[in-house]
Colleague: 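Can you read through this structure? Questions will come right after.
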2 protein chains.
Amino acid sequence: MTAPAHPNRPRRSDATRAAILRAARERFAADGYERATIRAIAADARIDPSMVMRYYGSKEGLFAAAAEFDLRLPDLTAVPPGQFGEVLIRHFLARWEGDETLAALLRAASTNPGAAERMRGLFADQLVAAVSTFGTDPATTARRAGLVASQVLGLAFTRYIVRLPPMVDVDPEELVSWVAPTLQRYLTGLPEN
Amino acid sequence: MTAPAHPNRPRRSDATRAAILRAARERFAADGYERATIRAIAADARIDPSMVMRYYGSKEGLFAAAAEFDLRLPDLTAVPPGQFGEVLIRHFLARWEGDETLAALLRAASTNPGAAERMRGLFADQLVAAVSTFGTDPATTARRAGLVASQVLGLAFTRYIVRLPPMVDVDPEELVSWVAPTLQRYLTGLPEN
DNA sequence: ACCGTAGGCCAACAACTGTTGACACACAAC
DNA sequence: GTTGTGTGTCAACAGTTGTTGGCCTACGGT
């Protein structure tokens, strides 16, 4: 057990824990869940593999800690309704480039049931919530959020995972100008227009 | 060596080869590349694991054979320019539901470099080729094809891999009516309209 | 009827995996 | 200084993986 008498006193091992988490995110993002071995992660963090087990219990526990993620979606009630799409795609691009946690989660979700479940939860708890803040028909909210997810995740998949050359090379600003109208229509438009 | 004297004579083992391939596609589609073990595939095909090695050389060779895929994209020169988007999304949906090979390739591409390379090739050889048949500026062809791929693969990812409930439950016809305009704009429109 | 060979199974290998327990050191409290 | 606890290493475990070679069987051409 690692339960100090004074619960909030900084532990001497905090640096090690952080190093493990950083290495884990890198490896999970680069290799996916099953190819990212505990031994490799421990080597990156320059500690013994058994430390990973002591601090995170198991490989699944480590992944759960490493894939903790907050989309930090902006409050759409403070955004002009005509700019929902642009604000969202800009936010996603920035969030994605700056933090490899989402890439790790995306890669792992393809093959690991637990990671897929976590991805569904992230979608249901955060994206659906953000979409439902402004007044659309509640009956269509989930579907609109799903469509947004399909375009945003597809963008991430082609750009960061499979790395299709045209999607890797394209200027982010041009990406925004192409994708923003798509998200805008998914959020506020009607089908078949 | 399995080189018969009369090269095109049907081999007695053709049924076994086909059974292996079918089981391999199922397992790769359901579990991804690393979780799909040769032993499990062989058990599904009711043969010994060593047979897989004899007929396909290695796990990578088996995957290469199982992930052989032709998108069978329609000839867009025979389609009214205003219906490119609708024709494409209908075709993709049908192709996806009827054959799990693409799901196998998609899942594997997340974690296996070879599968990702194959996905890039499929994109470059087949989708870019189809897009360039009609007269858009050649300089933008690859980008337009990339955007189409991002939406189509994102749809597949959310619907068949992660299985986001709203994307799984949505009626295919409604999916068409939402996504067709997106693809249409990626193919023939201008950004920021 | 004979015999080469393709089809198939079995057992084992070496490498790698997540995971565990025993042991050594260092620091802080008393 | 002693003691206890948190931090870290080492070696080994049991299971699984891709892969290999030997052996038996049964078909098909002659």
Side-chain angles (χ1 to χ4, degrees), chain A residues 1-24 27-28 30-67 108 111-115, chain B residues 1-24 27-28 30-67 108 111-115:
Chain A
M1 269 328 114
T2 312
H6 305 279
N8 284 356
R9 189 203 350 219
R11 284 163 300 196
R12 202 165 13 119
S13 61
D14 282 348
T16 303
R17 296 176 125 89
I20 293 176
L21 226 48
R22 181 156 22 95
R27 284 282 178 178
F28 282 134
D31 300 338
Y33 184 81
E34 19 275 330
R35 291 172 99 96
T37 69
I38 290 195
R39 281 173 164 86
I41 292 169
D44 288 356
R46 297 176 195 283
I47 44 95
D48 191 87
S50 62
M51 300 301 291
V52 177
M53 305 303 296
R54 179 161 349 182
Y55 289 142
Y56 295 98
S58 67
K59 188 181 182 179
E60 283 215 26
L62 173 62
F63 180 79
T111 52
N112 187 266
Chain B
M1 266 326 119
T2 311
H6 306 277
N8 284 354
R9 185 196 3 209
R11 282 162 300 196
R12 200 166 16 121
S13 61
D14 282 347
T16 302
R17 297 176 123 92
I20 294 175
L21 226 48
R22 182 157 20 97
R27 284 282 178 178
F28 282 134
D31 300 338
Y33 185 82
E34 18 274 330
R35 291 173 101 96
T37 69
I38 289 195
R39 281 173 164 86
I41 292 169
D44 288 356
R46 298 175 195 285
I47 46 94
D48 190 87
S50 61
M51 301 301 291
V52 178
M53 305 303 297
R54 185 178 315 193
Y55 290 143
Y56 296 98
S58 67
K59 188 180 183 180
E60 283 215 26
L62 173 63
F63 179 79
T111 51
N112 186 266

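Letters A, B, ... are given to chains in the order of the sequence lines, protein chains preceding strands, and every chain is numbered from 1.
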Colleague: Once you round it to whole Å, what is the distance between P of dT5(C) and CZ of Arg54(B)?
Modeller: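 Value for this atom pair: 14 Å.
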Colleague: Measure the distance from CG on Asp48(A) to P on dT19(C) and round it to the nearest whole Å.
Modeller: 14 Å
Colleague: Can you find a pair of side-chain heavy atoms, one from Asp14(A) and one from Arg17(A), that are under 4.5 Å apart?
Modeller: yes
Colleague: Consider the side chain of Thr37(A), meaning its heavy atoms from C-beta on, and name the nucleotide among dC9(C), dG18(C), dT9(D) that approaches it most closely.
Modeller: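 Output: dG18(C).
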Colleague: What is the distance, to the nearest angstrom, from the CZ atom on Arg27(A) to the P atom on dT17(C)?
Modeller: 10 Å
Colleague: Any side-chain heavy-atom pair from Lys59(B) and Leu62(B) closer than 4.5 angstrom?
Modeller: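 The answer is no, as the side chains (C-beta and beyond) never meet within the 4.5 Å cut-off.
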Colleague: Would you mind reporting whether Tyr33(A) and Thr111(B) have side-chain heavy atoms less than 4.5 Å apart?
Modeller: no
Colleague: Search all heavy atoms of Ala23(A) against all heavy atoms of Asp44(A) and return the closest pair with its distance.
Modeller: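 It is CB-CB, 3.7 Å.
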Colleague: In whole angstrom, what separates Glu34(A)'s CD from dG15(D)'s P?
Modeller: 21 Å
Colleague: Would you say Tyr55(B) places a side-chain N or O within less than 4.0 Å of OP1 or OP2 belonging to dG8(C)?
Modeller: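 For dG8(C), OP1 or OP2 has a side-chain N or O of Tyr55(B) closer than 4.0 Å.
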Colleague: Once you round it to whole Å, what is the distance between P of dT20(D) and NZ of Lys59(B)?
Modeller: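 Interatomic distance, NZ of Lys59(B) to P of dT20(D): 15 Å.
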Colleague: Any idea which heavy atoms bring Arg35(A) and Asn112(B) closest together, and the distance?
Modeller: NH1-ND2, 3.4 Å
Colleague: Report the nucleotide, chosen from dG8(C), dA12(C), dT9(D), that has the shortest atom-to-atom distance to any side-chain atom of Arg39(B).
Modeller: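 Taking heavy atoms from C-beta onward, the closest nucleotide is dA12(C).
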Colleague: Rounding to an integer number of Å, can you tell me how far Leu62(B) CG sits from dT17(D) P?
Modeller: 15 Å
Colleague: Once you round it to whole Å, what is the distance between P of dG18(D) and CG of Asn112(B)?
Modeller: 12 Å
Colleague: Looking for any heavy atom pair under 4.0 Å, which part of the strands does Ser58(B) touch: base, sugar-phosphate only, or nothing?
Modeller: sugar-phosphate
Colleague: Met53(A) has an atom CE; how far is it from atom P of dT20(C), in whole Å?
Modeller: 5 Å
Colleague: Using a cut-off of less than 4.0 Å, is there contact between a side-chain N or O of Thr16(A) and OP1 or OP2 of dG8(D)?
Modeller: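 For dG8(D), OP1 or OP2 has a side-chain N or O of Thr16(A) closer than 4.0 Å.
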Colleague: Could you please name the option among dC9(C), dT19(D), dA12(D) that lies closest to any side-chain atom of Pro49(B)?
Modeller: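 The closest nucleotide is dT19(D).
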Colleague: Picking from dT19(C), dC9(C), dG18(D), which would you name as closest to the side chain of Ile38(B)?
Modeller: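 Comparing dT19(C), dC9(C), dG18(D) against the side chain of Ile38(B), the answer is dG18(D).
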Colleague: Which nucleotide sits closest to the side chain of Ser50(B): dA12(D), dC10(C), dG21(C)?
Modeller: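 Looking only at heavy atoms from C-beta outward on Ser50(B), the closest nucleotide is dC10(C).
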